[in-house]
S.K.: 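Let me give you the structure first, and then I'll get to my questions.
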Amino acid sequence: MKRILMILTALAISVSASAQTESERLEQKYDLMVSRLGPAGVGVQVVLDQWQKVDSTNAKMLFARFSYLFTKAQTPEVVAKPTKKYLGMEPVLSLKDSLGNDVYYYQENIFDDELYGQAILAADKAIRHWPDRLDFRFVKANAYIAYEKESPDMALAYLLNLVDENSLREAAWDYEGLEVDEGFFPDAMQEYCFSFYSIGSPASYNAFKVLSERLFKAYPDNMGFLCNIGSYYLVNKEFKTALKYYDKVLKKHPEDYTAQQNALLAARRMNNTKLIRKYLNIILKHGSEKDRLMAKGRLESMK
């Protein structure tokens with residue numbers, strides 16, 4: 001009986017080692033194919049199917065499955081728009097129409113809805129198996145942003161939920177398999193705020209404001225999020241409201257470059273000489289050497 005148990009144990013170890021070796025072999029094959037053909041190249045799906053059979057919860061395999069479907073779902077097209085910026089992008093070409101008006105051309109990715117839905121399901125599967133992997137959460141958020149474009153409603157809702165989840169976490173997040181410190185999450189969220197701002201549509205500006213407000217509530221010492229809220233009102237030409245937020249930042253951190261420059265810009269847009277002097281004096285006292293010289297020159301020219 002003891003000998004039988006030893007044989008069965010040896011067989012189990014052998015099968016486990018064999019499966020691990022096969023997983024590594026398929027990973028190497030996948031890496032080679034992607035380097036030559038891209039994440040959705042011919043034959044990649046076959047390798048992923050084989051890989052899943054021998055190592056169904058492998059983090060890289062799960063991410064690769066998402067990458068395959070998400071890439072497959074997109075088709076690049078050139079679209080014409082009347083504006084000099086679109087979705088935060090510069091035009092690839094500009095021409096005149098028959099009436100002499102400028103027409104700007106952008107390369108935009110058009111999505112196949114069915115394949116996109118499959119990609120989101122693949123991302124959800126990866127998250128279920130690896131709930132502490134923050135990079136997998138970001139993969140899904142990025143997919144929402146790319147798909148929704150000018151109206152990032154699902155992306156905003158997903159990120160707000162992620163902020164709430166983060167506030168309740170006790171364990172550190174993993175990012176690409178490595179543990180990250182407490183400052184990583186708010187820094188990454190600021191990048192998403194910037195993404196919403198860069199899209200430049202009314203809905204994306206609102207997402208920028210709402211996410212910044214939630215983040216400032218979670219991180220009240222982070223003046224970057226407070227500056228964001230001021231920037232929302234600056235873009236919407238509500239200059240007095242914008243200055244209320246910039247003043248709060250400058251009261252705590254008078255050296256804050258963004259608050260200094262945007263407050264000065266708002267004062268100039270209001271054509272308020274008193275406020276212009278106020279912010280130039282703040283820059284003169286707390287700005288960089290270059291900015292102090294600029295502020296000094298402007299103040300002297302206003303005498």
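We're numbering straight along the sequence, starting at 1.
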S.K.: Side-chain heavy atoms under 4.5 angstrom apart, residues restricted to Ile, Leu, Val, Met, Phe, Trp, Tyr: same cluster for Y245 and Y257?
M.R.: no
S.K.: Is the backbone of A172 close enough, under 3.5 Å, to the side chain of R169 for a donor and an acceptor to pair up by distance?
M.R.: yes
S.K.: Got a donor-acceptor contact below 3.5 angstrom from the R137 side chain to the P131 backbone?
M.R.: yes
S.K.: Which heavy-atom pair separates E150 from A203 by the least distance, and what is that distance?
M.R.: O-CB, 3.4 Å
S.K.: Take Y246 and S231, measure what side chain to side chain donor-acceptor pair (under 3.5 Å) needs, and give me the verdict at the end.
M.R.: CA-CA 9 Å; Y246 293 135; S231 297; 3.0 Å; yes
S.K.: Salt bridge check: are E213 and K209 linked by an N-O gap of less than 4.0 Å?
M.R.: yes
S.K.: Determine yes or no for a side-chain-to-main-chain donor-acceptor pair under 3.5 angstrom, with Y279 supplying the side chain and A266 the backbone.
M.R.: no
S.K.: OG1 of T75 to CD1 of I110: how many Å apart, nearest 0.5 Å?
M.R.: 8.0 Å
S.K.: Looking at A59, is its backbone amide N or carbonyl O close enough to the side chain of R133 to form a donor-acceptor pair, meaning the two atoms are under 3.5 Å apart?
M.R.: no
S.K.: Considering only heavy atoms from C-beta outward, does the side chain of D124 approach that of R128 to under 4.5 Å?
M.R.: yes
S.K.: Indicate every side-chain donor-acceptor pair of residues 77-90 with a distance under 3.5 Å to a residue at least two apart or in another chain.
M.R.:
| residue | atom | partner | partner atom | Å |
| --- | --- | --- | --- | --- |
| T83 | OG1 | K85 | O | 2.8 |
| Y86 | OH | E108 | OE1 | 3.2 |
| Y86 | OH | E108 | OE2 | 3.3 |

S.K.: Tell me which donor-acceptor pairs under 3.5 Å the side chains of residues 62-72 have, and how far apart each pair is, sequence neighbours excluded?
M.R.:
| residue | atom | partner | partner atom | Å |
| --- | --- | --- | --- | --- |
| R65 | NH1 | D49 | OD1 | 3.0 |
| R65 | NH2 | L48 | O | 3.4 |
| R65 | NH2 | D49 | OD1 | 2.9 |
| R65 | NH2 | Q52 | OE1 | 2.7 |
| S67 | OG | F63 | O | 3.1 |
| Y68 | OH | Q45 | OE1 | 3.1 |
| T71 | OG1 | S67 | O | 2.7 |

S.K.: Between D135 (side chain) and E176 (backbone), is there a donor-acceptor pair under 3.5 Å?
M.R.: yes
S.K.: CD1 of I229 to CG of L215: how many Å apart, nearest 0.5 Å?
M.R.: 9.5 Å
S.K.: Give, for atom CD of E27 and atom CG of N58, the distance between the pair rounded to the nearest 0.5 Å.
M.R.: 6.0 Å
S.K.: Looking at I199 and K149, what are the two nearest heavy atoms and their distance?
M.R.: CD1-O, 3.6 Å
S.K.: Considering non-hydrogen atoms only, spot the tightest contact between A259 and V249 and give its length.
M.R.: CB-CG1, 3.7 Å
S.K.: Do side-chain atoms of E148 reach the backbone of A155 as a donor and acceptor pair under 3.5 angstrom?
M.R.: yes
S.K.: I'd like to know if F138 and L121 are part of one continuous hydrophobic network [Ile/Leu/Val/Met/Phe/Trp/Tyr, side-chain heavy atoms within less than 4.5 Å].
M.R.: no
S.K.: Would you mind reporting whether L211 and N228 have side-chain heavy atoms less than 4.5 Å apart?
M.R.: no
S.K.: Could you go step by step and tell me if Y30 and V44 meet the side chain to side chain contact (heavy atoms under 4.5 Å, CB included) rule?
M.R.: CA-CA 7 Å; Y30 169 78; V44 170; 3.9 Å; yes
S.K.: Indicate yes or no: does D31 engage K60 in a salt bridge with an N to O separation below 4.0 Å.
M.R.: yes
S.K.: Using a 4.5 Å cut-off on heavy atoms from C-beta on, say whether the side chain of L243 contacts that of L275.
M.R.: yes
S.K.: Measuring only between side-chain heavy atoms, which start at C-beta, is T21 closer than 4.5 Å to R25?
M.R.: no
S.K.: For N281 and K285, run side chain to side chain contact (heavy atoms under 4.5 Å, CB included): C-alpha distance rounded to whole Å, both residues' side-chain angles, the deciding distance at 0.1 Å, then the answer.
M.R.: CA-CA 6 Å; N281 277 302; K285 187 174 181 180; over 6 Å; no
S.K.: One pair to check against ring-ring contact (aromatic ring centres under 6.0 Å, His included): F196 and Y205. What are the steps and the verdict?
M.R.: CA-CA 6 Å; F196 287 147; Y205 281 136; over 10 Å; no
S.K.: Should the heavy atoms of other residues, nucleotides or ligands under 6.0 Å from CD of E182 be counted, would the total exceed 12?
M.R.: no
S.K.: Quick one: do E289 and R292 make a salt bridge, cutoff under 4.0 Å?
M.R.: no
S.K.: How long is the gap from CZ on F136 to NE2 on H129, to the nearest 0.5 Å?
M.R.: 10.5 Å
S.K.: Taking C-beta and beyond as the side chain, do Y147 and I120 meet within less than 4.5 Å on heavy atoms?
M.R.: no
S.K.: I need the minimum non-hydrogen distance between D164 and S167, along with the two atoms involved.
M.R.: O-OG, 2.6 Å
S.K.: Following the transitive rule for hydrophobic clusters with a side-chain heavy-atom cut-off under 4.5 Å over Ile, Leu, Val, Met, Phe, Trp and Tyr, establish whether M302 and I282 coincide in one cluster.
M.R.: yes
S.K.: Looking only at atom types and distance, does a side-chain atom of Q260 sit under 3.5 Å from a main-chain N or O of P254, one as donor and one as acceptor?
M.R.: yes
S.K.: Is the shortest side-chain heavy-atom distance between Q50 and E22 below 4.5 Å?
M.R.: no
S.K.: Between atom CE of M223 and atom NZ of K251, what is the distance when rounded to the nearest 0.5 Å?
M.R.: 11.5 Å
S.K.: State, to 0.1 Å, how close S204 and G200 come at their nearest heavy-atom pair, and which atoms those are.
M.R.: OG-N, 3.2 Å
S.K.: Does D97 offer a backbone N or O that forms a donor-acceptor pair with the side chain of N101 under 3.5 Å?
M.R.: no
S.K.: Heavy atoms, side chains only, cut-off 4.5 Å: are D256 and H286 in contact?
M.R.: no
S.K.: Taking side chain as C-beta onward, heavy atoms only, is Y192 less than 4.5 Å from I145?
M.R.: yes
S.K.: Between M294 and L265, is there a shared hydrophobic cluster once you connect ILVMFWY residues whose side-chain heavy atoms come closer than 4.5 Å?
M.R.: yes
S.K.: Between D181 and F184 (side chain of the first, backbone of the second, donor and acceptor by atom type, cut-off under 3.5 Å), is there such a pair?
M.R.: yes
S.K.: Compare every heavy atom of W173 with every heavy atom of E165, then report the nearest pair and how far apart it is.
M.R.: OE2-CH2, 3.7 Å
S.K.: Evaluate side chain to side chain contact (heavy atoms under 4.5 Å, CB included) for L280 paired with L264, printing each intermediate quantity in order.
M.R.: CA-CA 7 Å; L280 284 174; L264 178 60; 3.8 Å; yes
S.K.: Using side chain to side chain contact (heavy atoms under 4.5 Å, CB included), reason through V235 and Y197 one step at a time and then give a plain yes or no.
M.R.: CA-CA 10 Å; V235 167; Y197 183 88; 3.3 Å; yes
S.K.: Spell out, yes or no, whether L160 and Y232 are grouped together once hydrophobic residues are joined by side-chain heavy atoms under 4.5 Å, including indirect joins.
M.R.: yes
